[in-house]
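Just below is one structure, and these are the notes that go with it.
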Amino acid sequence: MILVTGGAGFIGSNFVLDWLAENGEPVLNLDALTYAGNLETLETVMDDPRHVFVQGNICDRNLLDGVLEKYRPRAIVHFAAESHVDRSIHGPGEFIHTNIEGTFTLLEAARAYWNMLEGTERESFRFLHVSTDEVYGSLQMDDAPFTEENPYQPNSPYAASKAASDHLARAWFHTYGLPVVTSNCSNNYGPFQFPEKLIPLTIVNAFAGKPLPVYGDGLNVRDWLYVGDHCRALRIVLSQGRPGQTYNVGGENEKTNIDIVRTVCTLLDELWPDDAAGRRDRLITFVTDRPGHDRRYAINAKKIRQELGWRPAETFESGLRKTVQWYLAHPRWVADVQSGAYRDWLAVQYGMANDMM
Ligand code: NAD
Ligand code: TYD
């Protein structure tokens, strides 16, 4: 079996569901179930004997040693992290704890376990460290997209903590020979994303007739990748990626934030017209910019394309349409994640003055 950390979060749960559908090998899913982890997302596999869920923290070395010894996974796919830039600005401590100390603890547990393996079990073992393009910092509009050779220049506490975890993963390969492969992916979107990130927040607010907050001038650029394409990339990197290497993963699909918000509004107007209230773009509200807001991220995915034959299957148009349709079809999931804690976050980030609540 494989061990997945953070498999109750957005990308991790999509990965677990895809993995069981496409590959079928059993998965041990270790997740602390923070605000971002949700077992409802895994409802279809909770009784599946190929899926074992353990609630636990990657900072807990005893727990990690115990599950590794008991389940003897052939690989670890490491998603568990604090992942939201705005939360990292309000409270960086958790990011340092989980993303840096947690990754360190997991690497150490993996090293001890791997050292006890022999023969082909030892040779074929892999540690896939899932990271982000934000470690490379911010691009000017005319800069070339990030390659794996770009220097690390993280600007937010989130990006700095992920950069630190990437450095640890790299060092554990170079120093101890632990067979680590790292992937650095651009912004994901798709089903089961917590509505604190731009696309799901825009969908659920637009649907509910609430303001759509756009930071600054709305012209910041992100590269967007459908989560299913990311999951497929990770399966390929896990099976064919070379230890010690890093692979950039992205849609080569750059959009400004205001473009994204307008496109979501247009899709919702088409799929769920609100004739009485009118077009959803009336809800767009420019708000104070994020401190240190990176202007542009862009990915050069040539290495994974040429070396491993991966390319995205979804276009942005098809992926975004699927995503909006998914949120419209799953009001219970949305309502359940918009619990008390979610409302507390909206108050911290957007203030009580507006009617986002
Ligand atoms: P997420 O916030 O939706 O989910 C994170 C999951 O990790 C949650 O289920 C949470 O309960 C769990 N977790 C948090 N702290 C933990 C701990 N200490 N021990 C065990 N579990 C813990 O995040 P996501 O968007 O699914 O991102 C997953 C990974 O992919 C992260 O490492 C992130 O940096 C990376 N990534 C995300 C994106 C993106 O666009 N979302 C893009 C590139 C890379
Ligand atoms: P986000 O989804 O938080 O991802 P990241 O910061 O990791 O790229 O934000 C994507 C972009 O959207 C980013 O430039 C910030 C912007 N944004 C808004 O304009 N309004 C919002 O309410 C949020 C959450 C993000």
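Bear in mind the structure is a predicted one, so any value in this text is a computation, not a measurement. Note that ligands are numbered from 1 as they come in the structure, with each ligand's atoms numbered from 1 the same way.
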Query - Heavy-atom nearest neighbour in the protein, as seen from atom 19 (N) of ligand 1, with distance rounded to 0.1 Å - result: Ile58 N, 3.0 Å
Query raised in the report: Is the shortest side-chain N to carboxylate O distance from Asp86 to Arg290 below 4.0 Å?
Result: yes
Query - Region of Asn38 engaging ligand 1 - heavy atom pairs below 4.0 Å - result: neither
Query - Gly9: numbered ligand 1 atoms lying under 4.0 Å from its heavy atoms - result: 3 (O), 4 (O), 6 (C), 8 (C), 9 (O)
Requested in this report: May I ask you to decide if the ring planes of Tyr215 and Tyr350 are parallel, tilted or perpendicular, using 30° and 60° as cut-offs?
Outcome: tilted
Query raised in the report: Among protein heavy atoms, which lies nearest atom 8 (C) of ligand 1, and at what distance?
Result: Asp31 OD2, 3.5 Å
Report summary line: Of all protein heavy atoms, the one nearest atom 2 (O) of ligand 2 is Leu198 N, 2.9 Å
**Report entry** Closest to atom 5 (C) of ligand 1 (judged by heavy-atom distance), picking from Ser186, Ser165, Ala81, Ser183
**Finding:** Ala81
Requested in this report: Return the orientation label for the Trp333 and Phe192 ring planes: parallel under 30°, perpendicular over 60°, tilted otherwise.
Outcome: perpendicular
Query raised in the report: Are Arg321 and Phe316 in a cation-pi setup, meaning NZ or CZ lies under 6.0 angstrom from the ring centre and within 45 degrees of the ring axis?
Result: no
**Report entry** Which residue and heavy atom of the protein sit nearest atom 20 (N) of ligand 2, plus the separation
**Finding:** Pro213 O, 2.9 Å
Query - Any N or O of Ala32 closer than 3.5 Å to N or O of ligand 1 - result: yes
Query raised in the report: Can you list the ligand 1 atoms lying under 4.0 Å from a non-hydrogen atom of Ala80?
Result: 7 (O), 20 (C), 21 (N), 22 (C)
Requested in this report: Look only at interatomic distance and state if Asn257 has a nitrogen or oxygen under 3.5 Å from any nitrogen or oxygen of ligand 2.
Outcome: yes
Requested in this report: Please state whether Tyr350 comes within less than 4.0 angstrom of ligand 2, counting heavy atoms only.
Outcome: yes
Report summary line: Per-atom filter on ligand 2: closer than 4.0 angstrom to a heavy atom of Lys197 are 2 (O)
Query raised in the report: Under the 6.0 Å and 45° cation-pi test, does Arg235 pair with Trp19?
Result: no
Query raised in the report: Would you call Glu307 and Lys302 a salt bridge, using N to O less than 4.0 angstrom?
Result: no
Query raised in the report: Is Thr132 close to ligand 1, meaning an N/O of one under 3.5 Å from an N/O of the other?
Result: no
Report task. Mind telling me whether Trp326 and His330 have parallel, tilted or perpendicular rings, with 30° and 60° as the class edges? Result -> parallel
Report task. Would you mind checking if Arg262 and Asp259 are paired as a salt bridge, meaning a charged N to carboxylate O distance below 4.0 Å? Result -> no
Could you pull out every donor-acceptor pair under 3.5 Å between side chains of residues 168-183 and any protein atom, sequence neighbours left out?
| residue | atom | partner | partner atom | Å |
| --- | --- | --- | --- | --- |
| Trp172 | NE1 | Glu108 | OE1 | 2.9 |
| Thr175 | OG1 | Ala171 | O | 3.1 |

Query - Any donor-acceptor N or O pair under 3.5 Å, side chains Thr263, Thr266 - result: no
Query raised in the report: Do the ring centers of Tyr226 and Tyr189 come within less than 6.0 Å of each other?
Result: yes
**Report entry** Min N/O separation Lys162 to ligand 1 under 3.5 Å
**Finding:** yes
Report summary line: Residue, atom and distance of the protein heavy atom nearest atom 26 (O) of ligand 1 read Ile11 N, 2.7 Å
**Report entry** Nitrogen or oxygen atoms of Ser83 and ligand 1 under 3.5 Å apart
**Finding:** yes
Report task. Please identify which atoms of ligand 2 are closer than 4.0 Å to at least one heavy atom of Glu134. Result -> 5 (P), 7 (O), 8 (O)
Query raised in the report: With under 30° as parallel and over 60° as perpendicular, where do the rings of Tyr113 and Phe125 fit, or are they tilted in between?
Result: perpendicular
Report task. State if Glu196 counts as touching ligand 2 under the rule of any non-hydrogen atom under 4.0 Å. Result -> yes
Report task. Check ligand 1 against Ser131 and write out every atom of the ligand that is under 4.0 Å from a heavy-atom position of the residue. Result -> 43 (C), 44 (C)
Query raised in the report: Within the structure, does Thr34 bring an N/O atom to less than 3.5 angstrom of an N/O atom in ligand 1?
Result: yes
Query raised in the report: Should Cys59 be counted as touching ligand 1, given the test is an N or O pair under 3.5 Å?
Result: no
Query raised in the report: With the threshold set at 4.0 Å, does a side-chain nitrogen-carboxylate oxygen contact exist between Asp269 and Arg280?
Result: yes
Report task. From the options Tyr215, Phe286, Tyr297, select the one whose nearest heavy atom is closest to atom 21 (C) of ligand 2. Result -> Tyr215
Query raised in the report: With sequence neighbours left out, what residues match Glu134 under side chain to side chain donor-acceptor pair (under 3.5 Å)?
Result: Tyr297
Query raised in the report: Parallel, tilted or perpendicular: which fits the ring planes of Tyr136 and Phe146, with parallel below 30° and perpendicular above 60°?
Result: tilted
Query raised in the report: Does Arg122 make a cation-pi contact with Trp114 (under 6.0 Å, within 45 degrees of the axis)?
Result: yes
**Report entry** Side-chain ion pair, Asp65 and Arg61, N-O less than 4.0 Å
**Finding:** yes
Query raised in the report: Quick check: does Asn188 get an N/O under 3.5 Å from an N/O on ligand 1?
Result: yes
Query raised in the report: Does Lys303 reach the side chain of Asn248, with side-chain heavy atoms less than 4.5 Å apart?
Result: no
**Report entry** Lys/Arg N to Asp/Glu carboxylate O, Glu25 vs Arg50, below 4.0 Å
**Finding:** no
Requested in this report: Within a distance under 4.0 Å of any heavy atom of His84, pick out the atoms of ligand 2 and give their elements.
Outcome: 3 (O)
Query raised in the report: Would Asp217 and Arg295 pass as an ion pair if we require N to O under 4.0 Å?
Result: yes
Query raised in the report: Do His293 and ligand 2 have an N or O pair less than 3.5 Å apart?
Result: yes
Query raised in the report: With only distance considered, is Leu201 within less than 3.5 Å of ligand 2 through an N or O on each side?
Result: no
Query raised in the report: Among all protein non-hydrogen atoms, which one is nearest to atom 4 (O) of ligand 2, and what is the separation to 0.1 Å?
Result: Asn187 ND2, 3.3 Å
Requested in this report: Indicate yes or no: does Arg332 engage Glu43 in a salt bridge with an N to O separation below 4.0 Å.
Outcome: yes
Report summary line: min-distance protein heavy atom vs atom 18 (N) of ligand 1 -> Asn57 OD1, 2.9 Å
Requested in this report: Pull out every atom of ligand 1 sitting under 4.0 Å from any heavy atom of Gly56, numbered as shown with elements.
Outcome: 19 (N), 20 (C)
Query raised in the report: Would you say ligand 1 has an N or O under 3.5 Å from any N or O of Glu82?
Result: no
Query raised in the report: Which of the atoms of ligand 2 are close to Val214, meaning less than 4.0 Å from one of its heavy atoms?
Result: 19 (O)
**Report entry** Candidate with minimal heavy-atom separation from atom 43 (C) of ligand 1, of Gly37, Gly102, Ala36, Cys185
**Finding:** Cys185
**Report entry** ligand 1 atoms in contact with Tyr158 (distance to a heavy atom under 4.0 Å)
**Finding:** 33 (C), 34 (O)
**Report entry** Close-contact set for ligand 1 against Thr98 heavy atoms, below 4.0 Å
**Finding:** 15 (N), 16 (C), 18 (N)
**Report entry** Ionic contact status for Arg87 with Glu196, cut-off 4.0 Å
**Finding:** yes
Query raised in the report: Any idea which part of Ser13 is under 4.0 Å from ligand 1, heavy-atom wise: side chain, backbone, both or neither?
Result: neither
Report summary line: A student checking ligand 1 against Asn187 at a 4.0 Å heavy-atom cut-off should list atoms 40 (O)
Query raised in the report: What do you reckon, does Asp86 have a nitrogen or oxygen under 3.5 Å from a nitrogen or oxygen of ligand 2?
Result: no
Requested in this report: Number the atoms of ligand 1 from 1 as they appear, then name those within less than 4.0 Å of a heavy atom of Phe79, with their elements.
Outcome: 28 (C), 29 (C), 31 (C), 32 (O)
Query raised in the report: Less than 3.5 Å between some nitrogen or oxygen of Phe10 and one of ligand 1, yes or no?
Result: yes
Query raised in the report: Got the closest protein heavy atom to atom 6 (O) of ligand 2, with its distance?
Result: Arg290 NH1, 2.5 Å
